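In what follows, a single structure is set out as structure tokens and then discussed.
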Amino acid sequence: MRILTCVKRVPSPGAKIVVTADGQAVDTNMLGFAVSPHEECAAEEAIQLIEQHGGSSTVMTLGPAEAEEQLRTIMSVGVDEAVLLTTDGSDWDPMATARALATAIGELEAAGGPFDLIFFGNESADSGGYQVGVRIARALGRPIVSGIKDVDVTDGEVTARRDTPTGSEVYKLPLPAVLAIKEGINLPRYPTLKGRLGAKKREVAVMEASGEPGGQVMLTLLAPPSQETPTEILGDGASAAPAVVDVLERIGVL
Amino acid sequence: MSDLPSRAKVVVVGAGIVGNSVVKHLAALGWTDIVLVDKGPLPNPGGSTGHASNFLFPVDHNKEMAMLTFDSMAQYEEMGVSTTPGGIEVARTEARMEEFRRRMTSAKTWGIDAELLTPAEVKDKVPFLDESVILGGFFTPSVSVVDSLQAGTLMRQYAIDKGALTVSPVTEVMDITVADGKVTGVETDKGYMETDHVVIACGVWSPRIAKMAGATIPLTPAVHQMIDVGPIDILQETNNEIAYPIVRDMDTFCYERQSGGSMEVGSYAHRPIFHHPDTIPSIEESRLSPTELPLTQDDFDPQLEQAIELMPMLGDAEMKYGINGLLSLTPDAMPLVGESVEVENLWSAAAIWIKEGPSTGKTIAEWMTHGYPELDPHASDVARFYTYQRTEEHILDRCAEHFNKTYGIVHPREQWESQRDYRISSFHKRTEALGAVYFEAGGWERPHWYQSNEALLEKYQDQLPAAREHEWDYRWWSPIQNAEHLALRESVAMIDLTAFAIFDFKGAGVVDYLNYMTVNQVDQPVGSWIYTPLLTEQGGFRSDLTVLRMGDNHYRVVTGGFDGGRDAYWFNKWLPADGSVTFEDKTSALCTVGVWGPNARKLVEKVTNDDVSNEGFPYGDVRQYTIGSIPVTMARISYVGELGWEITANMEHGLRLWDLLWEAGQEFDVTPVGAGVYGTSGRLEKGYRLMGAELESEYNPVEAGLNRPRVKRQDFIGKAAYLKAREEEPAAHMCTLTVENHTSTSGVARHMMGGNEPILTLDGERILDSHGRVSRVTSAGTGPSVGKYLLLAYLPPEYAVEGTDLQVMYQNELFPVKVARVGAQPLFDPDDSRMEQ
């Protein structure tokens with residue numbers, strides 16, 4: 001099997017993101033970067049499928065030179081090959097991103113054969129466009145389902161499941177196919193020390209992204225107002241137990 | 001968590017291990033109305049304490065560190081937050097094995113159980129270690145791991161239970177108000193508090209908070225990387241937070257400590273990475289905490305390889321957590337403790353690690369209560385830094401230099417490379433041309449010996465002691481020092497003493513003021529000087545210096561360059577508020593050269609018309625004379641015990657002064673002599689004590705052999721304690737010992753450094769006095785004129801008898817020593833006839 005996972009370098013989620021004074025960029029002073037969470041899970045899924053069925057996995061990203069860090073992270077957990085599509089460093093809009101990635105995928109497939117599966121994250125943690133996977137699937141003429149929480153591959157086809165408000169939907173797609181993966185599909189493994197050191201030694205293929213950043217122009221970045229969750233201190237130590245019981249009854253747990 | 005009070009006796013800023021310790025100990029000493037604030041939540045406000053590795057290795061070559069760690073360990077133990085898995089330092093190089101022998105010696109001094117292990121023995125204790133990678137280990141069974149957050153909680157609770165403490169977390173300090181040079185209050189985002197004292201215990205944020213008050217705390221936030229790998233079966237099977245000894249892979253500057261089922265691997269090997277206190281992220285901006293920054297992987301990768309080398313099982317373990325952790329570094333790697341020099345009642349409690357947290361809290365609380373702590377804090381005293389050493393560049397350069405030496409092998413005499421040539425004496429041009437090898441003294445470039453004196457090695461070859469054979473003993477030293485010593489005692493020498501710190505005091509109230517500061521009577525005739533200790537309230541040594549009476553209401557204090565900062569602070573602190581005494585720091589305005597030796601008078605006679613005869617200028621006098629066209633202050637005093645003077649002039653005349661003396665001295669083969677003689681061999685032969693070595697606040701003048709027959713009637717700091725000490729039998733006596741045999745078991749001659757080597761009985765036991773103070777070597781060096789290697793050490797009365805045979809341990813080997821002198825009478829020229837001729 002050949003699986004390609006496309007990932008994006010995003011600011012590490014979990015902390016308040018600080019925007020520069022002019023509103024034009026994220027303040028990277030103390031910021032860490034990570035692979036966007038949905039994609040982390042997508043890469044793990046790819047690794048598990050290759051472990052199951054044999055073959056090879058590839059990870060690709062469109063981003064600045066620094067995005068090599070994220071490719072190495074994915075390689076260190078077990079993805080074999082990595083491709084960096086370098087940009088001028090600016091944020092590319094979804095259409096431009098999709099165009100450039102589709103072109104690169106075409107080149108990779110021409111050289112090494114088709115990818116049975118191409119994984120995308122459902123949406124990126126920073127811009128949340130929800131589009132890149134769909135646009136690329138369309139460009140490649142392959143079927144895509146998004147929001148996927150379960151993947152199973154048998155004989156030339158993939159079964160993909162996603163959650164709905166009332167249950168789940170199950171799809172069968174013929175290979176080659178494209179899936180947009182959702183976090184929660186698995187628990188991604190952490191890199192081992194050997195994995196990290198091995199990944200460091202391997203080569204990352206670098207290609208220049210084709211095309212221009214895109215039609216959407218960023219005007220300004222706004223941090224959303226922080227949401228204060230009202231907190232009520234019920235008490236201290238054992239004496240708070242009755243108050244806790246009250247709350248549990250109120251919300252119907254007891 | 002209560003509302004912020006509007007008034008407090010003391011506000012402690014920072015609820016990490018240090019802030020918590022401070023409030024606990026203040027409460028224990030009877031303080032009330034203590035308010036503890038932190039901008040973060042409790043129990044983990046997000047400072048260095050929150051992510052610390054929490055282990056304590058007790059063996060340290062530095063006495064203050066060893067004592068502080070010892071006391072902290074006991075406090076943690078008492079709080080029940082301690083586990084003792086033991087710790088093993090492993091060596092990959094022969095140099096490190098030699099350093100382990102030095103650690104064994106320090107362990108012996110402080111009474112810490114320690115053992116040298118073979119690789120096989122290390123593997124017995126740490127089965128997952130690859131013993132083929134190491135040469136051996138240094139095992140300390142008492143190494144402990146503590147729950148520092150829990151300790152903090154318990155300490156806060158203690159103070160709360162006493163009704164002494166209000167805690168206000170999530171409270172950020174915005175300003176500290178100061179009036180008349182004293183703290184008046186703290187402005188927070190929850191309101192203003194009037195207060196008498198502020199203690200800054202904010203770790204990496206400390207300089208920022210200090211700046212609000214107009215004070216400086218010279219530290220830099222610095223990164224120390226650590227990762228957590230696991231789960232690992234063999235660790236999980238222990239079902240314990242930590243069951244295996246902590247391993248410190250000294251030569252790779254890494255450590256590995258078990259953390260439940262995982263292994264925490266930390267490193268001090270990466271490039272120094274510094275951050276500014278103002279750009280540390282806030283709690284909201286931090287994914288983990290403000291002091292747990294994202295790991296810069298590339299910096300840690302070489303250590304991954306080395307860790308796998310030592311513990312192969314780590315290779316397949318998952319890296320779950322990794323940080324660039326922030327901690328505080330200072331220019332000389334010692335903490336910053338004590339009252340700030342800029343603002344009264346503003347206390348620094350910063351750059352303190354887990355292993356000295358509780359004891360430093362105690363130190364500060366005692367300091368605030370009794371005027372000085374029980375454990376002598378001179379190496380941690382924040383007042384020790386001069387202004388230029390508090391600048392950002394100085395801090396960063398020095399920290400960059402020593403960061404990678406955190407597990408390094410640092411020679412006791414090792415000199416800094418960075419930030420040199422910042423304090424240059426007026427004589428520099430001449431001393432440089434003479435091939436001076438400069439050592440740093442209080443920042444000054446001070447000649448330690450002169451290469452131009454190499455020819456003296458041949459001249460004195462019959463009198464010089466046997467050569468030093470061992471490379472370690474030879475480092476940062478030269479046999480030329482001994483030759484200079486002999487030249488000085490034979491004819492005459494010139495010594496650059498510009499590193500002195502010099503303070504002038506003037507005014508109507510000066511006699512009363514100085515008499516209150518000093519032990520000995522300052523109301524002496526104009527034109528005379530006294531040597532005197534300054535004491536703490538508890539009667540221990542605070543300072544040791546010379547006071548010259550320049551005029552009826554004009555005195556000059558001369559103290560060592562290493563003590564200038566702390567002494568200036570002390571004098572300023574007690575200066576009367578009514579303006580009846582003025583203080584002027586004359587250090588940078590003056591230069592001093594010492595001229596000593598049997599031909600000193602003959603030399604000086606040639607350059608001055610003033611009376612330098614013994615009758616006209618007796619020993620103990622100070623004169624304002626003229627040399628050439630240069631007004632000079634000449635003091636007949638000598639730290640090397642020879643005839644001669646300290647000659648001081650305005651710094652602009654320095655070069656000319658040197659030239660005049662030098663030319664006059666050619667006739668007598670005048671020799672330029674360095675501090676190798678002045679600070680070591682010269683003074684050791686005379687038994688002259690040194691502040692910070694023999695003289696510390698844990699010892700009193702009676703024990704040091706510096707008590708005079710009578711005590712002045714005026715009151716002075718420490719008088720009551722001093723009188724009491726005079727009534728009692730001293731628990732120890734300062735003694736001079738001679739090394740009887742230098743040859744080690746390997747057949748190589750060894751020479752002790754004066755680095756706290758233990759003096760032992762003939763049975764190899766430590767010697768403790770009735771106060772529990774251990775006998776250790778405080779100074780050591782050759783005595784070329786007495787033909788012996790000399791050691792200074794305190795001994796309890798039963799051993800302080802001339803002729804007693806004892807042993808000294810050095811680099812884990814034993815050498816015979818003999819008590820040559822008990823008390824202050826010099827070995828060389830005992831009646832001081834040479835000096836007073």
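Every chain is numbered from 1 and lettered A, B, ... according to where its sequence line falls, protein lines coming before strand lines. As the structure is a computational prediction, the values presented were derived from the model and not from experiment.
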Do any of [range] have a heavy atom less than 4.5 Å from a heavy atom of chain A, and if so, which, in residue order?
range	result
residues 227-236 of chain B	B:Ile227, B:Val229
residues 273-284 of chain B	B:His275, B:Thr279, B:Ile280, B:Pro281, B:Glu284
residues 252-270 of chain B	none

Proximity breakdown for B:Asp298 and chain A, heavy-atom pairs closer than 4.5 Å: both
Donor-acceptor contacts under 3.5 Å from residues 307-319 of chain B side chains, at least two apart:
residue: B:Glu309; atom: OE1; partner: B:Arg92; partner atom: NH1; Å: 2.2
residue: B:Glu318; atom: OE1; partner: A:Tyr190; partner atom: N; Å: 3.3

Greater than 12 external heavy atoms within 6.0 Å of [X]'s [atom1]:
X	atom1	answer
A:Ile251	CD1	yes
B:Glu241	CD	yes
B:Lys211	NZ	no
B:Gln150	CD	yes

Contact winner vs chain B - A:Arg196, A:Arg72, A:Lys194, heavy-atom pairs under 4.5 Å: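 With the most close heavy-atom pairs to chain B, the winner is A:Arg196.
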Could you tell me the separation between the CD1 atom of A:Ile17 and the CZ atom of B:Arg287, rounded to the nearest 0.5 Å?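 Rounded to the nearest 0.5 Å, the CD1-CZ separation comes out at 10.5 Å.
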Once rounded to the nearest 0.5 Å, what's the spacing between atom CG of A:Leu193 and atom CD of B:Glu305?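 Going from the CG atom of A:Leu193 to the CD atom of B:Glu305 covers 10.5 Å.
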